[in-house]
2 protein chains.
Amino acid sequence: MASTIKDVAKMADVSISTVSRVINDSKPVSPEARRRVLHAIEVLDYKPNEVARSLVTKKSNLIGVIVNDIGNSYVSQVLRGVEEIGRMFNYDILLSSSYGDLEVEMKFANLFSQKQVEGIILISDILNERLMFKLDELKIPYVVINRFYTIDEAATVSINNKNATYKMTQSLIEAGHKKIGYVALRKDMDRTNETYKIKGYKEAMRQCNLKPHVIYSEGLDREDALEVMEDIVDDIKDQKYTALFCTQDILAIHLMNALFDQGIRVPEDISICGFGGTVLSEIVRPTLTTVKEPFYDIGAVAIRKLLKSVDSKEELKRDTVFLPVEILKRDSVKSL
Amino acid sequence: MASTIKDVAKMADVSISTVSRVINDSKPVSPEARRRVLHAIEVLDYKPNEVARSLVTKKSNLIGVIVNDIGNSYVSQVLRGVEEIGRMFNYDILLSSSYGDLEVEMKFANLFSQKQVEGIILISDILNERLMFKLDELKIPYVVINRFYTIDEAATVSINNKNATYKMTQSLIEAGHKKIGYVALRKDMDRTNETYKIKGYKEAMRQCNLKPHVIYSEGLDREDALEVMEDIVDDIKDQKYTALFCTQDILAIHLMNALFDQGIRVPEDISICGFGGTVLSEIVRPTLTTVKEPFYDIGAVAIRKLLKSVDSKEELKRDTVFLPVEILKRDSVKSL
DNA sequence: CTGTTAGCGCATTCAG
DNA sequence: CTGAATGCGCTAACAG
């Protein structure tokens, strides 16, 4: 059995209060007593039981993180930021994956609440309003991170999607492109951020008197990219497009591959760029020009925001913090 | 403030013992009393405080997971298995990343110990013997998952590396290849598993009277692959190799890219295969033939093993569980 | 500066 | 079947 505060007190021949005082440095203790306590702690290899401590202080130093799927690269990048900054402030991460199941997320909220987490970070692909409501009820502060939806009712950290596509489109235009198509995800059209992304793209185009052209893909898989390719291969050959801006890196990559199989070269015959800036984008050939979302920073800022509220006991400000994106100019886009 | 067992007791007009009994279903309670308690729980939306419960039962239902870097794809795949199975048994995951720092890992062990975790899973790239020693001292059961080292002194789950390369090499031979090179990582030569992998490769070659040829790469980056390419590009042109078996997917991919830039086509001019079976391997073109390590299963089996020991309070068996690998035959290898 | 005491929320004896 | 009492390990008044 591990030693307790009592054992230390007995060995140092002081009361447990004194031991507690030296551990927490909460009140003055005579040098002599402190020395004895420290010695006893050393000898007994005593370490305070955090569970007992939590019970009385009502501080668990635990942050719950509910993610969609930890296996997702973007999720794990965000989580990195959360974990690293959390640790800086002595918070531990309680992790759980919901795989998009709303009910499961509700269950996690309860579990976390019982474990007395001091706050929750939600890294989700869906919009779980019931969960947010429940968390409000439970009075657990939370920050939402969501790539696909803009959330107004909660504390959030995100990028400015419209501005991001605007900048990338502009960068394409500066490179001499005039016929730029935007490949959107059809099923994402009800996810607010895709509409913002399209807006940014269109705005940049119109501002230069260029005609925007949105192409729809049914999904992100190879087969979906294949369909897109079939739809537009003739247009490409007819030079109706000189550049294609895909809503996500993975789609851009699949599309590059599909095009390649048709003998269409990137960037010689057509330029392609993506959105996300995941590891994939720098490994494929040609390396993918893309919009880099600052995943790590998003996580880092989110937990900072959360902890600030937790530590100050002030209400969490329910606003969106926007982080800047970076345009990564690589090999898949050529200058005209 | 959340309601406590006292509130429930008061409302149901019973003692807290009775409430406790119905919550835990630990002792018979009269139907009438049970009804009243249940009702009070419902009304007050009472949920037991797990911290208090842990303090008395000495069961935290917490498993600590120390990982090298959660941002690493293989780590997150393993973690998926750990998390999902852990949850099945009502265990929560306490996560922390050490980024390979031995001292930091030691600190985590202490932190986790103070939080009363019931077991620890170590997903590391290094071999931290001091940590294992400390965990033994702390009497915290643990399972080690390590892709690079074979560990004898601890409970582990792994693949049979020698057998894995043996099988892949054999598969290459069956496809008609006779001149097969193995690209190893020089800096991994002191990591036991690389030597096992080389052994498996050599054994398969020799068994067919073929001459093994190990090529060394200094690292896994693009530049390293470039160097390897430069070293062997003439040999490839001279048909000294028909296939190259790379010790990791990422190296295989970089090598394919480097070769491509020299006008050497995969698999037309040379076949390439990797090891790992990470997502990358199915996205590159040509898709990479590779040895798929069962990351999810490794995590799942590891936590099963751990929890079995925790729940039964029996000593954890310090052995290695070997999981089967799968040879993924894809487009980067052609039959001769 | 220090020890005594109460109590955090709960499970678990031990009497009834 | 039930309630009163005890204590898990610790912090925080409170009184000295």
request  = Give the rounded distance in Å between these two atoms: CZ of Arg34(B) and P of dC1(D).
outcome  = 9 Å
query = Separation of Lys59(B) atom NZ from dT12(C) atom P, in whole Å?
reply = 12 Å
task = Give a yes or no on whether a salt bridge exists between Arg34(A) and Asp25(A), defined as a side-chain N under 4.0 angstrom from a carboxylate O.
result = yes
request  = Map Asp13(B) and Asn24(A) onto DNA chain D by nearest heavy atom, then report which one ends up closer to the 5' terminus.
outcome  = Asp13(B)
remark   = CG (Asp311(A)) and OH (Tyr91(A)) are apart, to the nearest 0.5 Å, by 4.0 Å
key: Pairwise side-chain contact, Phe112(B) with Ser96(B), heavy-atom cut-off 4.5 Å (strictly under)   = yes
request  = Send over the distance from Gln116(A) CD to dC10(C) P, rounded to a whole Å.
outcome  = 9 Å
message = Side chain of Val14(A) only, heavy atoms from C-beta on: which candidate in dG3(C), dC1(D), dC10(C) is closest?
response = dG3(C)
task = State whether Ser15(B) places a side-chain N or O below 4.0 Å from either non-bridging phosphate oxygen (OP1 or OP2) of dG3(D).
result = yes
query = For the side chain of Arg53(B), counting heavy atoms from C-beta on, which of dG9(D), dT2(D), dC10(C) is nearest?
reply = dC10(C)
Out of dC10(C), dC10(D), dT2(D), whichever nucleotide has its closest atom nearest the side chain of Thr18(B) = dT2(D)
inquiry  = Using whole Å, what does the distance between atom P of nucleotide dG9(D) and atom NZ of Lys115(B) come to?
reply    = 18 Å
note = Of dC14(C), dG7(C), dC10(C), the nucleotide closest to the side chain of Lys27(B) is dC14(C)
inquiry  = Give me the atom names and distance for the closest heavy-atom approach of Leu316(B) to Tyr142(B).
reply    = CD2-O, 3.0 Å
message = As a test of reading the structure: which of dC10(D), dA5(D), dC8(C) is closest to the side chain of Pro48(A), going by heavy atoms?
response = dC10(D)
remark   = Of dT12(C), dC10(C), dG9(D), the nucleotide closest to the side chain of Ser17(B) is dT12(C)
ask   = Is the phosphate of dC10(D), meaning OP1 or OP2, less than 4.0 Å from a side-chain N or O of Thr57(A)?
value = no
query = Hey, is the side chain of Lys58(A) poking within less than 4.0 Å of OP1 or OP2 on dG9(C), counting only N and O atoms?
reply = yes
key: From dC1(C), dC8(C), dG7(D), nucleotide with atom closest to Val56(B) side chain   = dG7(D)
Given dC14(D), dT13(C), dG9(D), the nucleotide with the shortest approach to the side chain of Arg21(A) = dC14(D)
task = Please determine if a side-chain N or O atom of Ser20(A) lies less than 4.0 Å away from the OP1 or OP2 oxygen of dT11(D).
result = yes
inquiry  = Whole angstroms only, please: what is the CZ-P distance between Arg36(A) and dG3(C)?
reply    = 8 Å
request  = Under the side-chain hydrogen bond (donor to acceptor under 3.5 Å, both in side chains) rule, what do Glu105(B) and Ser98(B) come out as? Steps first, then yes or no, please.
outcome  = CA-CA 6 Å; Glu105(B) 290 189 349; Ser98(B) 70; 2.9 Å; yes
request  = Provide, to the nearest angstrom, the distance between the CD atom belonging to Glu50(A) and the P atom belonging to dT11(D).
outcome  = 8 Å
ask   = Do Ile23(A) and Tyr46(A) have side chains that get closer than 4.5 Å, going by heavy atoms?
value = yes
request  = Tell whether Ser26(B) reaches the base of dT12(C) with its side chain through a donor-acceptor pair below 3.5 angstrom.
outcome  = no
query = Which listed nucleotide (dT2(C), dG9(D), dC8(D)) is nearest to the side chain of Ala33(A)?
reply = dT2(C)
message = Side-chain N or O of Asn49(B) versus OP1/OP2 of dC10(C): is the shortest distance under 4.0 Å?
response = no
inquiry  = I need the CD1-P distance between Ile23(A) and dA12(D), as an integer number of Å.
reply    = 12 Å
key: d(CD1, Ile16(B); P, dT12(C)) in whole Å   = 12 Å
